[in-house]
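Throughout, a chain's letter reflects where its sequence line sits, starting with A, and its residues are numbered from 1. Remember, it's a predicted structure, so these values are computed and weren't measured experimentally.
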Protein chains: 2
Amino acid sequence: MVEHKNRTEKKYYNIASLEKGIRMLELLAAHGELSVSEAARLMDTNRAGSHRFISTLKDLGYVEKNSSNKYQPTLKIMALSQKVADRFEIRRMAKPHMHRLSMMYKETINLGLFKNQEIIHIDKIDSLEVLRMDSALGDKAPAYCTGLGKSILAFLPDHELDHYVNTVDRRPLAPNTITDKDEFLQELSRIRRNGYAIDDEEMTIGLRCIAAPIFDHNHYPAYAISISGPAMRLTHRALEDIKSHILKVSEDLSHKMGS
Amino acid sequence: MVEHKNRTEKKYYNIASLEKGIRMLELLAAHGELSVSEAARLMDTNRAGSHRFISTLKDLGYVEKNSSNKYQPTLKIMALSQKVADRFEIRRMAKPHMHRLSMMYKETINLGLFKNQEIIHIDKIDSLEVLRMDSALGDKAPAYCTGLGKSILAFLPDHELDHYVNTVDRRPLAPNTITDKDEFLQELSRIRRNGYAIDDEEMTIGLRCIAAPIFDHNHYPAYAISISGPAMRLTHRALEDIKSHILKVSEDLSHKMGS
DNA sequence: ATAATACGTATCATATATTGAAACGTTCGT
DNA sequence: ACGAACGTTTCAATATATGATACGTATTAT
């Protein structure tokens, strides 16, 4: 009777029913299929209780009844999983490239994701130098004035780019921010020709950066990779050296993503 | 006040907290990452409520906090998803082959999964003939006296096969059921040489069947495919014709599964 | 064939888990 | 340096999950 009630040690602000429901889904996935009463035994409850959870999961579409009166998980979990996996897959594949670039150039390497017209930093390797850009994972940045952003924008489908240029406010954040629409479109066309983008103190004064887009299996520029550092170290001369390397990396990653 | 309470139309034996929790997970997956208060707004609740669900998902390992105080789904969903997907993947890939075999031979085609020393029927195409085997999806059958089962057993790793032969009761279910251990091991060795198994009225009187194993990416004979029908139609002569086709199909599917 | 058992599903009163408000310390934006 | 927004924790009120009960059907044993 003691081990039956020792769940009091749990944080009392957790949702017990959610834990049980997820556990039910895990059991169904592990066993492939379960009847209401089999599940009841595994969950240490009665048939009525078991049925309630399974029925809820069924209504949510994560579980279905097969012809032998057993319940089995559906492929709906795949939809969830896919969304999550995509985000992690690029990180896993980019990591070795990022390390190599980091060792070669001793500057900060960033991996960005384009979402809701913004750049989200999904991975990075910090420069070991004292003077360095200090961004946190998950931070957001505008696309129009960053290397990551511009390299992606340049390869967006026409209608999406149109929408971007016409709706996003290009407020000046640093001396060189490109605010004029025509000038901005020219810049994107230049990037499209080169394959890479340079952010020359357009978001942060003193910060320079070179970036290239990474295309996913839909040939969509979902991600970008960049090297950024203080303008005094990352001279235009230095960028010239880095250029071909980062292009090579972005092409390789695009290929790995199925593009 | 009315639209706020019209959830009374729901089946009252569903678990509301589970629905909300899953919805929270879906939102996190769709948005990539969300803060407690962003989620609160999307879920139409307050920060405390939102936090409770996220915290629960975090403790379950499905969600983690990133460095910008947002919560994002982890790869744990993949583990769930993978288990489910495996079951469906073989079905999806086997379907066209099964249809082709069905049209060629006009008999019942079965796809089986080996689990807990039993065969589970995970897909089938019924023969259009009046006289036919009537099995339901999800039905279980013993492995030792079915084509599907024997074709898999024959290619099991040694220690697993040992365990099977020594623990499973080979009770006679039909005239030709192989009950003797040595005779059974000889049969498996014959199947290993041929690559396919024949069930000659070993489980059901009057029913004959030919089956071949399908290997997964671990080179494990996780599945098998079979053609079964009445012994009077599925003569040994007929089986001779079918043999090479079913072998070809099973090899192709093994290859597609990464074996 | 028939009885007995196991099972899936539905309903209800009651016990309990969830809820929203309130509060505290921290972070963020200005 | 200030105020607002946020994440987290606590607690009492109450909306919700629970277990018992019941019923019709499938499965198994006799």
Side-chain angles (χ1 to χ4, degrees), chain A residues 1 4-24 28 33-59 63-72 134-142 171 173, chain B residues 1 4-24 28 33-59 63-72 134-136 138-141 171 173:
Chain A
M1 315 303 173
H4 177 239
K5 282 288 175 190
N6 67 354
R7 50 191 163 181
T8 34
E9 67 195 35
K10 290 203 155 194
K11 291 204 289 187
Y12 67 94
Y13 53 86
N14 273 20
I15 306 289
S17 302
L18 175 55
E19 290 179 348
K20 286 183 209 158
I22 297 269
R23 172 131 174 281
M24 174 67 87
L28 289 167
E33 54 172 41
L34 287 173
S35 66
V36 168
S37 40
E38 284 169 343
R41 283 188 288 270
L42 289 167
M43 297 271 295
D44 192 33
T45 181
N46 55 27
R47 280 176 294 143
S50 169
H51 180 262
R52 274 190 291 266
F53 283 98
I54 290 183
S55 167
T56 305
L57 289 170
K58 192 184 89 189
D59 288 357
V63 156
E64 67 191 2
K65 188 161 37 168
N66 67 24
S67 53
S68 50
N69 253 11
K70 310 252 175 168
Y71 288 88
Q72 61 187 24
D134 215 7
S135 69
L137 243 78
D139 272 0
K140 286 173 187 165
R171 67 173 55 187
L173 298 177
Chain B
M1 313 303 176
H4 177 238
K5 284 287 172 187
N6 67 353
R7 49 189 164 182
T8 34
E9 69 195 31
K10 291 204 150 188
K11 290 204 291 189
Y12 68 94
Y13 54 85
N14 273 19
I15 307 287
S17 301
L18 176 53
E19 290 179 348
K20 287 183 209 159
I22 297 270
R23 174 132 174 279
M24 174 66 88
L28 288 168
E33 54 172 39
L34 286 173
S35 65
V36 167
S37 40
E38 283 168 345
R41 283 189 288 270
L42 289 167
M43 296 273 294
D44 194 31
T45 180
N46 56 27
R47 296 195 313 267
S50 169
H51 180 262
R52 274 190 292 265
F53 283 98
I54 290 184
S55 167
T56 305
L57 289 170
K58 193 184 87 188
D59 287 357
V63 157
E64 67 190 2
K65 187 162 34 169
N66 66 25
S67 54
S68 50
N69 254 11
K70 310 252 176 168
Y71 288 88
Q72 60 187 24
D134 215 7
S135 69
D139 272 0
K140 286 173 186 164
R171 67 173 54 187
L173 298 177

Chi angles and distances behind the side chain to side chain contact (heavy atoms under 4.5 Å, CB included) call for B:Met24, B:Ser50: CA-CA 8 Å; B:Met24 174 66 88; B:Ser50 169; 3.7 Å; yes
Could you walk me through whether B:Ser35 and B:Asn69 satisfy the side chain to side chain contact (heavy atoms under 4.5 Å, CB included) test, starting with their C-alpha distance in whole Å, then the side-chain angles of each, then the deciding distance to 0.1 Å, before giving a yes or no?
CA-CA 6 Å; B:Ser35 65; B:Asn69 254 11; over 6 Å; no
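Judged by distance alone, with hydrogens and angles left aside, B:Arg52 brings a side-chain donor or acceptor within reach of the base of C:dG20, the pair sitting under 3.5 Å.
Counting non-hydrogen atoms under 4.0 angstrom, A:Ala48 reaches a base of the nucleic acid.
When A:Thr56, A:Ile54, A:Leu57, A:Asp59 are each tested for a side-chain contact (heavy atoms from CB on, under 4.5 Å) with B:Ile15, only one passes: A:Thr56.
D:dG7 atom C1' lies 15 Å from atom CG of A:Asn14, rounded to whole Å. Here the P atom of nucleotide D:dA26 and the NZ atom of A:Lys70 are 16 Å apart, to the nearest Å. Between the CG atom of A:Asn66 and the P atom of C:dC7 there is a distance of 16 Å, rounded to whole Å. If you measure from atom CG of B:Asn46 to atom P of D:dA13, you get 18 Å, rounded to the nearest angstrom. Whole-Å rounding puts the A:Arg47 CZ to D:dA22 P distance at 13 Å. Computed from coordinates, the A:Glu38 CD to C:dA6 C1' distance equals 12 Å when rounded to whole Å. As rounded to whole Å, 12 Å separates atom P of D:dG7 from atom CD of B:Glu33. Protein atom NE2 of A:His51 is 14 Å distant from nucleotide atom P of D:dT18, rounded to whole Å.
One axis for each end of the helix from C:dA1-D:dT30 to C:dC28-D:dG3, each built from five base pairs, and the angle between them comes to 50° at 10° resolution.
Nearest-nucleotide positions on DNA chain C place A:Ser35 closer to the 5' end than the other of A:Ser35 and B:Phe53.
The side chain of B:Val36 lies closest to D:dG7, out of D:dG7, D:dT18, D:dC6. Listed nucleotides D:dT8, C:dT19, C:dT18 differ in distance to B:Tyr71; the shortest reach to its side chain belongs to D:dT8. With distances taken from any side-chain atom of A:Asn69 to the nucleotides D:dT18, D:dG19, C:dG8, the minimum falls on C:dG8.
If you take CG on A:Leu28 and CD on A:Glu33, they are separated by 10.0 Å, rounding to the nearest 0.5 Å.
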